[in-house]
Amino acid sequence: MHNIKDIRNNSDNFKEQIKSRNVDIKINEILELDSKNRNLIHEKETLEKEKKNISKTRDKSLFSKSKEISAKLDTIIKNQSEVKNKLDIILSSLPNIPLNDVPKGKDEKSNKEIIKKGNINEFNFKPKSHYELGENLQMMDFDLASKTSGSRFVFLNDKLALLERAISNFMIDTHTQINGYKEISPPLMANEATMYGTGQLPKFENDQFEVKLDVDDSRKFLIPTAEVILTNIVREKLVNINELPIRVVASTPCFRKEAGSYGKDTKGLIRQHQFYKVELVSIVENDKCLDELERMTNSATLILDKLNLPYRKIVLSTGDMGFSAEKTYDIEVWIPSEKKYREISSCSSCGTFQAKRMKARYKDKKNETQFLGTLNGSGLAVGRALVAIMENYQTQDGSIIIPEILRPYMNNLDKIEKN
RNA sequence: GGAAGGAUGGCUGAGCGGUUGAAAGCACCGGUCUUGAAAACCGGCAAAGGGGCAACUCUUUCCUGGGUUCGAAUCCCAGUCCUUCCGCCA
């Protein structure tokens, strides 16, 4: 959420920066609503003051006058809150401003590669896709899932179910034991305020699965990522500075409608309505966001290093970043069957953008109240890690070698082969 | 599902129709003292918004939304959440 004062004082610059995010902005409408709003506030306050004074005098002869003012106030307050609402809806739908060092560009073509790591395995046979491998092993069943649930769901059976669980456990252990994150098992549903806080609402309501509870109940949504719940830990809080940084990790199912991706990645595990993800969230003093972003990204790549999977790290361009981010690194893992890198993690600094929405603050060393910095990153997407392991570790006969580091998590199994 | 109690500043907690934005304590910040620290003492310390170059000033806010009243943290109604007890289910 942006501060209207900043926009007012610097509207041309603000407009340009929002435009770099591929977002249309009606700057004139914003400024007009803002000035209308302030005029109404002024009217309101004048009347309120008058009323207050009358009640202070306790002069009975003035009481009827006070009643008249109340009536006038009613309509002004109504107008003002209408104008304010309109303004808020527009403002809350504007994305975060990118940091200066973020490459400018309108889509993923302007993303920049930072590093490439690991050796790409040269197969002496044609590598299969993970879904071919999975279905041949009879441990991955898309047909059954479409019968019970619909498209973009899957059954993982037997050793692949175990592998999924192992991946998740290995990642969490690494983050808690080496990277200094605290493990959390959070709710998988979030209310409106929580969804608003991290930026899913109001703009992206169509991407969310809403859960119907009782008829009159407040709205609830399945979380599209644990970021939503974990970041809102500090919503409406004034955090003590010596509690910072807060670093938490959770492995949760994530639910996404994938509304805009019909026909995209329809086969396999890459794009599902439901998938597990190990999520990292850091909450820090707002001037430490950039350092924390590097640290978080390193926490994520450590997983790939340990799994010995080839990957690259890229920085997203202004047009390709998510709504709440000021800077984002994507980590992409090598997928042999597609002969390309695919996103397996996205680490973002949101600066104070989410904190302003959440009213999440701390007192700095000068005892001044500040908005917190929030960051989130996948560490990593479990389903896609499963894909990467299956494809990179496949053998000619269609079995899967288990990466050394995961074996303790799989009862020391070293290979998944057909039963 | 039934019964009772509660929600006040960063935290604990008073107030229960009129200088109450709100006592007190803790925490925090500044200072005195000290070689340094602690203790003690002194002072400061809510947020959001409007106006002003600024000093400053005004308005709103005691869970949320309505209502009563000239005036509400305080009274009434509805809702949300929490606690305890009973029932039911995992």
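Computation of the quantities below employed the complete heavy-atom set of this structure, encompassing side-chain atoms and omitting hydrogens, waters and symmetry-equivalent molecules. To find a chain, count down the sequence lines: A is the first, B the second, and so on, and within it residues start at 1.
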When you compare [N] with [M], how far apart are their [atom1] atoms, in angstrom units rounded to a whole number?
| N | M | atom1 | value |
| --- | --- | --- | --- |
| B:U74 | B:A7 | C1' | 14 Å |
| B:A72 | B:U68 | P | 11 Å |
| B:C29 | B:A46 | P | 16 Å |
| B:A22 | B:G10 | P | 15 Å |
| B:C11 | B:A47 | P | 13 Å |
| B:U32 | B:A38 | C1' | 15 Å |
| B:G18 | B:C75 | P | 12 Å |
| B:C28 | B:G21 | P | 29 Å |

Partner of A:His130 by side-chain hydrogen bond (donor to acceptor under 3.5 Å, both in side chains), out of A:Glu391, A:Lys267, A:Gln394: A:Glu391
Whole-Å gap separating [atom2] ([N]) and [atom1] ([X]):
| X | N | atom1 | atom2 | value |
| --- | --- | --- | --- | --- |
| A:Arg235 | B:A47 | CZ | C1' | 17 Å |
| A:Glu236 | B:G10 | CD | P | 12 Å |
| A:Glu43 | B:G49 | CD | C1' | 16 Å |
| A:Lys84 | B:A48 | NZ | P | 13 Å |
| A:Lys356 | B:A47 | NZ | C1' | 16 Å |
| A:Ile41 | B:G51 | CD1 | P | 8 Å |
| A:Ile76 | B:G50 | CD1 | P | 18 Å |
| A:Lys237 | B:G9 | NZ | P | 14 Å |

Nucleotide-level pairing of RNA chain B, given in dot-bracket where Watson-Crick and G-U pairs need both distances under 3.5 Å and | marks other strands: ((((((((.[[[..)..(.....]]].(((((.......))))).((((((....)))))).[[[[[..)....]]]]])))))))....
All N/O contacts under 3.5 Å from nucleotides 63-72 of chain B to the protein, with atom names and distances to one decimal?
from, atom 1, to, atom 2, distance (Å)
B:C70, OP2, A:Lys67, NZ, 3.3
B:C70, O2', A:Ser66, OG, 3.0

Given A:Leu375, A:Asn298, A:Val284, the one that forms side-chain contact (heavy atoms from CB on, under 4.5 Å) with A:Leu293: A:Leu375
Looking only at heavy atoms, which two atoms of [X] and [Y] are closest? And how far apart?
| X | Y | answer |
| --- | --- | --- |
| A:Gln138 | A:Asn157 | O-ND2, 4.2 Å |
| A:Ser92 | A:Ile89 | OG-O, 3.2 Å |
| A:Thr198 | A:Gln354 | O-NE2, 3.1 Å |
| A:Ser378 | A:Ser346 | OG-N, 3.0 Å |

Below the 4.0 Å mark, does [N] have OP1 or OP2 next to a side-chain nitrogen or oxygen of [X]?
| X | N | result |
| --- | --- | --- |
| A:Arg38 | B:G51 | yes |
| A:Arg361 | B:A46 | no |
| A:Lys5 | B:G49 | no |

Is A:Arg357 positioned over the aromatic face of A:Tyr196, cation under 6.0 angstrom from the ring centre and no more than 45 degrees off axis?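 Relative to the ring axis of A:Tyr196, which defines the angle, A:Arg357 lies inside both limits.
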Do A:Lys313 and A:Tyr329 form a cation-pi contact, if we require the NZ or CZ to be under 6.0 Å from the six-membered ring centre and within 45 degrees of the ring's axis?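 Ring-cation test returns yes.
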Measure the shortest side-chain to side-chain distance between A:Leu94 and A:Ile30 over non-hydrogen atoms and say whether it is less than 4.5 angstrom.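 Of all side-chain heavy-atom pairs linking A:Ile30 with A:Leu94, at least one is under 4.5 Å.
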What pairs of nitrogen or oxygen atoms, one from the protein and one from nucleotides 25-28 of chain B, lie under 3.5 Å apart?
from, atom 1, to, atom 2, distance (Å)
B:C28, O2', A:Asn367, OD1, 2.8

Near RNA chain B, which residues from residues 189-200 of chain A have a heavy atom under 4.0 Å away? none
Name the pairs: protein N/O against N/O of nucleotides 57-59 of chain B, kept only if under 3.5 Å.
from, atom 1, to, atom 2, distance (Å)
B:U59, O3', A:Glu48, OE1, 3.4
B:U59, O2', A:Glu48, OE1, 2.5

Only counting residues at least two apart or in another chain, list the ones meeting ring pair (Phe, Tyr, Trp, His ring centres under 6.0 Å) with A:Phe353.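 Partners of A:Phe353 by the ring pair (Phe, Tyr, Trp, His ring centres under 6.0 Å) criterion, ordered by chain and then number, come out as A:His2, A:Phe323.
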Please list, chain by chain and in numerical order, all residues satisfying side-chain hydrogen bond (donor to acceptor under 3.5 Å, both in side chains) with A:Arg361, sequence neighbours excluded.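 side-chain hydrogen bond (donor to acceptor under 3.5 Å, both in side chains) list for A:Arg361, sorted by chain: empty.
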Residues at least two apart in sequence or cross-chain that pass salt bridge (Lys or Arg N to Asp or Glu O under 4.0 Å) with A:Lys147, listed by chain then number, are none
Less than 4.0 Å between a side-chain N and a carboxylate O, is that true for A:Arg295 and A:Asp291? no
Please, which pairs that meet side-chain hydrogen bond (donor to acceptor under 3.5 Å, both in side chains) have at least one residue in residues 248-258 of chain A, sequence neighbours excluded? A:Ser168-A:Ser251, A:Glu258-A:Ser261, A:Glu258-A:Arg271
Pairs flagged by side-chain hydrogen bond (donor to acceptor under 3.5 Å, both in side chains) wherever residues 66-85 of chain A is involved - sequence neighbours left out: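 Found A:Lys51-A:Ser70, A:Lys84-A:Asp88.
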A:Asp107: which residues meet the side-chain contact (heavy atoms from CB on, under 4.5 Å) condition with it, sequence neighbours left out?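 Listed in chain order: A:Lys109.
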Quick check on RNA chain B: between A:Ile4 and A:Leu238, whose nearest nucleotide comes earlier from the 5' end? A:Leu238
Which ring-ring contact (aromatic ring centres under 6.0 Å, His included) pairs, counting each pair once, include a residue from residues 21-60 of chain A, with sequence neighbours left out?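 Not a single pair qualifies under ring-ring contact (aromatic ring centres under 6.0 Å, His included).
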Polar side chain donor-acceptor pair, A:Glu183 to A:Thr176, under 3.5 angstrom: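 Not at all, the side chains of A:Glu183 and A:Thr176 share no donor-acceptor pair under 3.5 Å.
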